Asker: 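If you scroll down you'll find the structure; I have some questions about it.
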Amino acid sequence: MQTKVLPIDDASLAQAASILREGGLVAFPTETVYGLGANALDANAVPEIFAAKGRPADNPLIVHIFDRAQLSGIVAQIPARAKTLMDAFWPGPLTLVMPKADAIPLCVTAGLASVAVRCPSHPGARALLQTCALPIAAPSANRSGRPSPTLAKHVLADMQGRIPLILDGGACEVGLESTVASVVGEQCVLLRPGGVTKEMLELALGEPVTLGHGVLQPLAAGETALSPGMKHTHYKPKARVVVFRGEDKALALALAKAYDEALQGGEKPLLLAMDALLPALGVRDALSAGKDYAALAACLFARLRQADELGCTLLLMQGVPETGMGLAVMNRALRAAGFDERLV
Ligand code: TXA
Ligand code: MG
């Protein structure tokens, strides 16, 4: 199969909509990461997503909608907390897990009685949802286990020959996947941190939000995650990743020392650090993680892919505090590192 990459315009949107209506797959940009979409109501099309990604069938998908009018065919009921959070954050990078309606095939939810729904804010995603007039089931458009794509070229690298069309909307602004929050129970549970932070959810709800099991720690063997995606290996580049955390001065010394030792040991090390720390790392090979945590979030997945393109064998990365966007960044960074973290 030839994979076309097209800029978003009326012609490419019409083409994408007709592929979706006929049961095919289309990759498209959102404000978080690129998604790999199929008609969420088509039980024959959705399994194609799992095949193209090499995704385990027990990991449910997010259903993307243009507006709340579509919810009636997707969720059985809208919990009060969901309404509050939609008012505050939709359209935007927040996915809500709600009780599922019968019309949603079980292959979308991996057999669960709940369904994850998101209303994206990206103009390209919105134009596609409006043109096809369907709910779109879409995971991130990477091969399973690879960093999520934040550029069309990342999607092409993983999906060439597997899907007919990639809509190119440039770089994704947030750069990390959406916040996933479950509102099926008596408390809001944060299953995956993202662009809408735990602090923002708590402010909107006026009550504490529980951190889902497995957000910052690895799950022990046999433990079950509330969000099935958490148990699968994620975000892994080919290079080994180690996360370092501590005060700036000690951190710079520890990163430099680890780099020099790795080099002597025959590795090809690479540093990933915030702009403020880079001068203290001297002439060693380093990539910029940006000037603040939002910039770090936006470039993290691209940097992981870049580390592989540069042929590095060991990526030594500066970790950040787990507040605000830092929680989402560390959730992804620790997974990329297989939870190999050094406190200095
Ligand atoms: O930003 C995003 O969310 C991107 C864009 C394309 O929208 N999508 C994305 O999808 O990251 P995916 O499939 O890579 O991640 C979906 C996450 C997984 O961790 C999955 O386990 C969880 O959402 N999830 C989906 N349905 C769920 C459900 N019913 N209950 C609990 N977790 C669910
Ligand atoms: Mg994913």
Side-chain angles (χ1 to χ4, degrees), residues 25-38 40 46 49-50 52-65 74-76 89-101 104 106-122 124-126 128-129 135-150 154-155 158 166-167 169 172-185 189-196 212-215 219 224-236 297 301 328 331-332 335-336:
L25 306 184
V26 174
F28 62 98
T30 80
E31 69 277 23
T32 57
V33 301
Y34 277 74
L36 180 59
V46 169
I49 295 178
F50 289 84
K53 274 183 68 94
R55 180 177 175 107
D58 65 350
N59 194 3
L61 308 177
I62 295 173
V63 176
H64 297 68
I65 56 172
I74 296 169
V75 304
F89 302 113
W90 277 13
L94 174 67
T95 296
L96 293 169
V97 175
M98 294 182 269
K100 165 189 166 323
I104 294 294
L106 285 169
C107 53
V108 171
T109 64
L112 296 176
S114 59
V115 60
V117 189
R118 160 159 137 74
C119 177
S121 63
H122 189 286
R126 296 192 63 69
L128 178 63
L129 285 161
I136 300 179
S140 48
N142 50 289
R143 288 278 294 165
S144 203
R146 300 265 300 140
S148 292
T150 54
H154 298 157
V155 182
D158 281 16
I166 301 170
L167 294 177
C172 301
E173 198 182 325
V174 179
L176 299 179
E177 307 87 345
S178 62
T179 304
V180 179
S182 171
V183 285
V184 290
V189 183
L190 179 58
L191 300 179
R192 180 175 72 182
V196 174
H213 200 50
V215 169
L219 292 166
T224 49
L226 287 172
S227 182
M230 286 294 185
K231 74 170 187 274
H232 297 291
T233 313
H234 254 102
Y235 317 116
K236 271 240 188 300
F301 289 143
N331 172 271
R332 307 322 190 267
R335 276 176 172 68

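Note that the structure is predicted; figures quoted are calculated from it, not measured. When a ligand or atom number is given, it counts from 1 through the structure's own listing order.
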Asker: Output the list of atoms in ligand 1 that are nearer than 4.0 Å to some heavy atom of Leu191, sorted by atom number.
Answerer: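 Near Leu191, meaning under 4.0 Å from one of its heavy atoms, ligand 1 has 31 (C), 32 (N).
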
Asker: Just jot down the ligand 1 atoms closer than 4.0 angstrom to any heavy atom of Leu112, in number order.
Answerer: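 Close to Leu112: 28 (C), 29 (N), 30 (N).
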
Asker: At under 4.0 Å between heavy atoms, is it the side chain or the backbone of Glu31 that contacts ligand 1, or both, or neither?
Answerer: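 None of Glu31 does.
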
Asker: Could you list the atoms of ligand 1 found under 4.0 angstrom from a heavy atom of His64?
Answerer: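 Reading through ligand 1 atom by atom, the close ones are 5 (C), 6 (C), 7 (O).
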
Asker: Can you list the ligand 1 atoms lying under 4.0 Å from a non-hydrogen atom of Val33?
Answerer: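 Near Val33, the atoms of ligand 1 are 4 (C).
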
Asker: Any ion pair linking Arg118 and Glu177 (charged N to carboxylate O, less than 4.0 Å)?
Answerer: no

Asker: Which of the atoms of ligand 1 are close to Ser140, meaning less than 4.0 Å from one of its heavy atoms?
Answerer: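 Those atoms are 8 (N), 9 (C), 10 (O), 12 (P), 14 (O).
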
Asker: May I ask whether Thr109 has any heavy atom positioned less than 4.0 angstrom from an atom of ligand 1?
Answerer: no

Asker: For Val63 and Val108, run side chain to side chain contact (heavy atoms under 4.5 Å, CB included): C-alpha distance rounded to whole Å, both residues' side-chain angles, the deciding distance at 0.1 Å, then the answer.
Answerer: CA-CA 8 Å; Val63 176; Val108 171; 3.7 Å; yes

Asker: Should you measure from each heavy atom of Ile62, which atoms of ligand 1 turn up under 4.0 Å away?
Answerer: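 Going through ligand 1 atom by atom, the ones under 4.0 Å from Ile62 are 3 (O), 8 (N), 9 (C), 10 (O), 16 (C).
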
Asker: I'd like to know whether Thr179 forms a side chain to side chain contact (heavy atoms under 4.5 Å, CB included) with Leu94, so could you lay out the CA-CA distance, the side-chain angles of the two residues, the decisive distance to 0.1 Å, and finally the verdict.
Answerer: CA-CA 5 Å; Thr179 304; Leu94 174 67; 3.8 Å; yes

Asker: What part of Arg118 sits under 4.0 Å from ligand 1 if we count only heavy atoms: the side chain, the backbone, both or neither?
Answerer: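 The part of Arg118 near ligand 1 is the side chain, not the backbone.
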
Asker: Taking only heavy atoms of Ala116 into account, list the atoms of ligand 1 that are under 4.0 Å away from them.
Answerer: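 Near Ala116, meaning under 4.0 Å from one of its heavy atoms, ligand 1 has 25 (C), 26 (N), 27 (C).
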
Asker: Does Phe301 form a side chain to side chain contact (heavy atoms under 4.5 Å, CB included) with Arg332? I'd like the steps, not just the answer.
Answerer: CA-CA 9 Å; Phe301 289 143; Arg332 307 322 190 267; 3.8 Å; yes

Asker: The test is side chain to side chain contact (heavy atoms under 4.5 Å, CB included); show your working for Phe28 and Leu129 and say whether it passes.
Answerer: CA-CA 10 Å; Phe28 62 98; Leu129 285 161; 6.0 Å; no

Asker: What I want to know is whether Thr30 and ligand 1 share at least one N or O pair that is separated by under 3.5 angstrom.
Answerer: no

Asker: Tell me whether Ser140 has at least one N, O or S atom under 2.8 Å from the Mg ion (ligand 2).
Answerer: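 A backbone or side-chain N, O or S atom of Ser140 is under 2.8 Å from the Mg ion (ligand 2).
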
Asker: I'd like the name of whichever of Arg55, Lys53, Met98, His122 reaches closest to atom 13 (O) of ligand 1 through any heavy atom.
Answerer: Arg55

Asker: Evaluate Thr32 for polar contact with ligand 1, using N/O atom pairs at a separation under 3.5 Å.
Answerer: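 Yes, there is a polar N/O contact under 3.5 Å.
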
Asker: Side chains of Thr32 and Ser178: donor-acceptor distance under 3.5 Å anywhere?
Answerer: no

Asker: Polar contacts were defined as any N/O atom of the residue lying under 3.5 Å from an N/O atom of the ligand; does this apply to Glu177 and ligand 1?
Answerer: no

Asker: Find all atoms of ligand 1 within a distance of less than 4.0 Å from any non-hydrogen atom belonging to Gly35, and give their numbers and elements.
Answerer: 6 (C)

Asker: Using a 3.5 Å distance criterion without hydrogens, assess whether the side chain of Tyr34 forms a donor-acceptor pair with backbone atoms of Gly169.
Answerer: yes

Asker: For Ser114 and ligand 1, does the shortest N/O to N/O distance drop below 3.5 Å?
Answerer: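 In this structure, Ser114 places an N or O atom under 3.5 Å from an N or O of ligand 1.
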
Asker: With a 4.5 Å heavy-atom cut-off, do His64 and Leu128 have their side chains touching?
Answerer: no

Asker: If you take the nearest heavy atom of each of Val174, Val97, Ile104, Val115, which one is closest to atom 30 (N) of ligand 1?
Answerer: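 Looking at heavy atoms only, the winner is Val97.
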
Asker: Test your reading of the model: is there a side-chain donor-acceptor pair from Lys53 to the backbone of Ala141, 3.5 Å cut-off?
Answerer: no

Asker: Strictly under 4.0 Å, does any heavy atom of Lys100 approach an atom of ligand 1?
Answerer: no

Asker: So, does Lys100 use its side chain to make a donor-acceptor pair with the main chain of Gly111 at under 3.5 Å?
Answerer: no

Asker: Indicate yes or no for a side-chain donor-acceptor contact from Thr150 to the backbone of Gly175 under 3.5 Å, with no hydrogens or angles considered.
Answerer: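 Not at all, since once roles are kept as given, no pair shorter than 3.5 Å links the two residues.
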
Asker: Determine yes or no for a side-chain-to-main-chain donor-acceptor pair under 3.5 angstrom, with Arg126 supplying the side chain and Ile65 the backbone.
Answerer: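 Looks like no, no N/O pair under 3.5 Å.
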
